[in-house]
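Notes to accompany the following structure.
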Amino acid sequence: MCGIIGVVQKNEKALGEKMGIIIRDSLKRLEYRGYDSVGYAIIDRNGRLVIRKAKGKIDDLLKRLEFERFDGLVGVGHTRWATHGPPSDLNAHPHTDCSRCIAIVHNGVIRNYQELRDELASRGHMISSDTDTELIAHLIEDYLREGFEMIDALRMIMRKIDGSYAFLVISCRETDKIYFAKKISPLIIGLGEGFNLISSDIPGLIKYSRKIIAIEDGELGYISPEKIYIENIYGERIDPLSRVKIIDWTIEQIERGGYPHYMLKEIYEQSIAVRNTLASVAEQIRDVINILLSDRDIFITGAGTSYHAALVMDYALKYYLGARSTAFISSEISLYKKIFDKKSVLIAISQSGETIDTLNALRTAKERGALIISLTNSVDSAISRESHYKLYIRAGPEIGVAATKTFTSQVTFLLYLVSELLREQDPDTGSLIKKELEESPELINRYIKKIDKESESLASILKDSRNIYVLGRDISLPVSMEGALKIKEISYIHAEAYPAGESKHGPIALVEKDFPVAFTSLGFEHNHVMVSNIEEMKARGAFIIAVAPYSDERIHRLADYSFLMPSMKTMAASILYVIPYQLLAYHLAVKRGFDPDKPRNLAKTVTVE
Ligand code: M6R
């Protein structure tokens, strides 16, 4: 996700460097978050708003962006990770209002983007970028023109915009303040003597301050060189000093948000990632709904984790809509080649958007006349560029090689799409899926620490195992497949997912005393026979692990180790039920002495066939 930094100082010596250099260095420390464009705005000593921004990496843009040239008392900087609109000079932040007096940088996704854009355009605003961020600058402009103070304008805008955001605003009319507002996306103030800073992330400000205040959801305010003002959306003041914390982490720890590994950070970030996915899915899928409801053959493809997300969608289409969809592994394209024609639609799923197998599958289907819809995390990737319709999960950059938050975001997006496809055929089920998806971020927050502890103690039991089976039926199977993939790629324990019912047709031959066999049951699928499958394994001495609803006593009674999961009624449960496996894989890797962020022989993006 985007990185933001704001600096305000009493005089040009307060921080010992030129404002441009301070911003450049802070942005460098936010680079690890992933980005495609850079920009900053400074109000110079003549009160002039200077803006420099471009697509590309900071080190390649040093000359063009002239960081060393500009000084001033207030400035904001931004590293953009594209969500609305492709990476480009124009879409890079900061964005301004029509009068170019207000500059804004933003991290997050505005859900009611289209509605706001139409409204602003109808009032004559010149909107020059494709971003959601620019709209906030124009909204501020309107309120200020009506005579409101900036703080009141921001409060009203927070009520008007829907989605996730942390944004900073500077104005040529108030050159000693940086205004801010936050919902979901992180925002942290760093306190100094004669200066203050504000950033999306501690690394952005750590060089100058270790005294921080974390801004909470629904809060807004401003920082000036000597003052911090915070209030909530109801206008109630908050005492900033009651929130001050001292940071004693190393820079490395800070970049991982205090987590020992990116993988763990990203597992914990899933509630935010799923929220961000939900914030933009409805607006994105409008055009593809009719295509998928028309009389077309639906194919879904991906590799690795993205294939498992494809399977979840395939199961959902069949189970809820009775659709004749086909999910296939993208490198297996040759098998399907002759089936594609003008009546086909292919949904190509890829976190990176660069996986060559998936790109090849897309090209093959396209050549034969199929319509291509892509679902990626990276904006403007090869896969999205070559698609007719480009959809984005907007989960934020994923640094760990193991896909975690991008899987749950892919599933969230795809199940939301299915819930919309059900609008005519079965609106009640559609609404129920949507409701459970909307509840998922909160459920993740509520359960994740408990699951983490339980996974860690299970990892202590299993760390010397050589094999693990992960079994499931129906929708529990893709979840089990994703669980097994996580375990094998990170901990190097051979983990095999299998349909539970099929296990007695071969895999059971390997089972002997203490052989670990995990059973996934989301609770609502046809799992009544799962109990017999567990009994069969138990009779051979297997060590049974259950990931099942807490209410499913039959399963938990048979298990040697249980994850008591919340009871859910729809396939949205696959989001929560994969987490025990992600955390088990993580703890197994750590206990076995491996680096979970960099598994051997694997790359984050696979661009070879
Ligand atoms: O970027 P993509 O989603 O296309 O990547 C596909 C696979 O390479 C990827 O999911 C891989 O299997 C991960 N290491 C899984 O954790």
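Each ligand, and each atom within it, is numbered from 1 in the order the structure gives.
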Short N or O contacts of ligand 1 with protein, under 3.5 Å, listed by atom name?
from	atom 1	to	atom 2	distance (Å)
ligand 1	1 (O)	Ser350	OG	3.4
ligand 1	1 (O)	Gln351	N	3.4
ligand 1	1 (O)	Ser352	N	2.8
ligand 1	1 (O)	Ser352	OG	2.7
ligand 1	1 (O)	Thr355	OG1	3.4
ligand 1	3 (O)	Ser306	OG	2.6
ligand 1	3 (O)	Gln351	N	2.7
ligand 1	4 (O)	Ser350	OG	2.6
ligand 1	4 (O)	Thr355	OG1	2.5
ligand 1	5 (O)	Thr355	OG1	3.4
ligand 1	10 (O)	Thr305	N	3.0
ligand 1	14 (N)	Val401	O	3.4
ligand 1	14 (N)	Glu489	OE1	2.8
ligand 1	16 (O)	Thr305	OG1	3.4
ligand 1	16 (O)	Ala403	N	2.8
ligand 1	16 (O)	Lys486	NZ	2.9
ligand 1	16 (O)	Glu489	OE1	3.3
ligand 1	16 (O)	Glu489	OE2	2.4

**OP:** Measure from NZ or CZ of Arg600 to the centre of the six-membered ring of Tyr492 and say whether it is under 6.0 Å with the direction within 45° of the ring axis.
**Re:** yes
Original post:
Is the NZ atom of Lys488 crowded by more than 12 outside heavy atoms at less than 6.0 Å?
Top reply: yes
**OP:** Write out all pairs satisfying salt bridge (charged side-chain N to carboxylate O under 4.0 Å, His left out) with one or both partners inside residues 297-315, taking only residues at least two apart or from two chains.
**Re:** Asp314-Lys318
**OP:** Any ring-ring contact (aromatic ring centres under 6.0 Å, His included) involving residues 448-473? Give me the pairs, sequence neighbours left out, ordered by first then second residue.
**Re:** Tyr469-Phe515
Original post:
Is a salt bridge present between Glu31 and Lys57, judged by a nitrogen-to-oxygen distance below 4.0 Å?
Top reply: no
Original post:
Applying side-chain hydrogen bond (donor to acceptor under 3.5 Å, both in side chains), which residue pairs with at least one partner in residues 567-576 are found, sequence neighbours left out?
Top reply: Glu436-Thr570, Ser551-Ser567
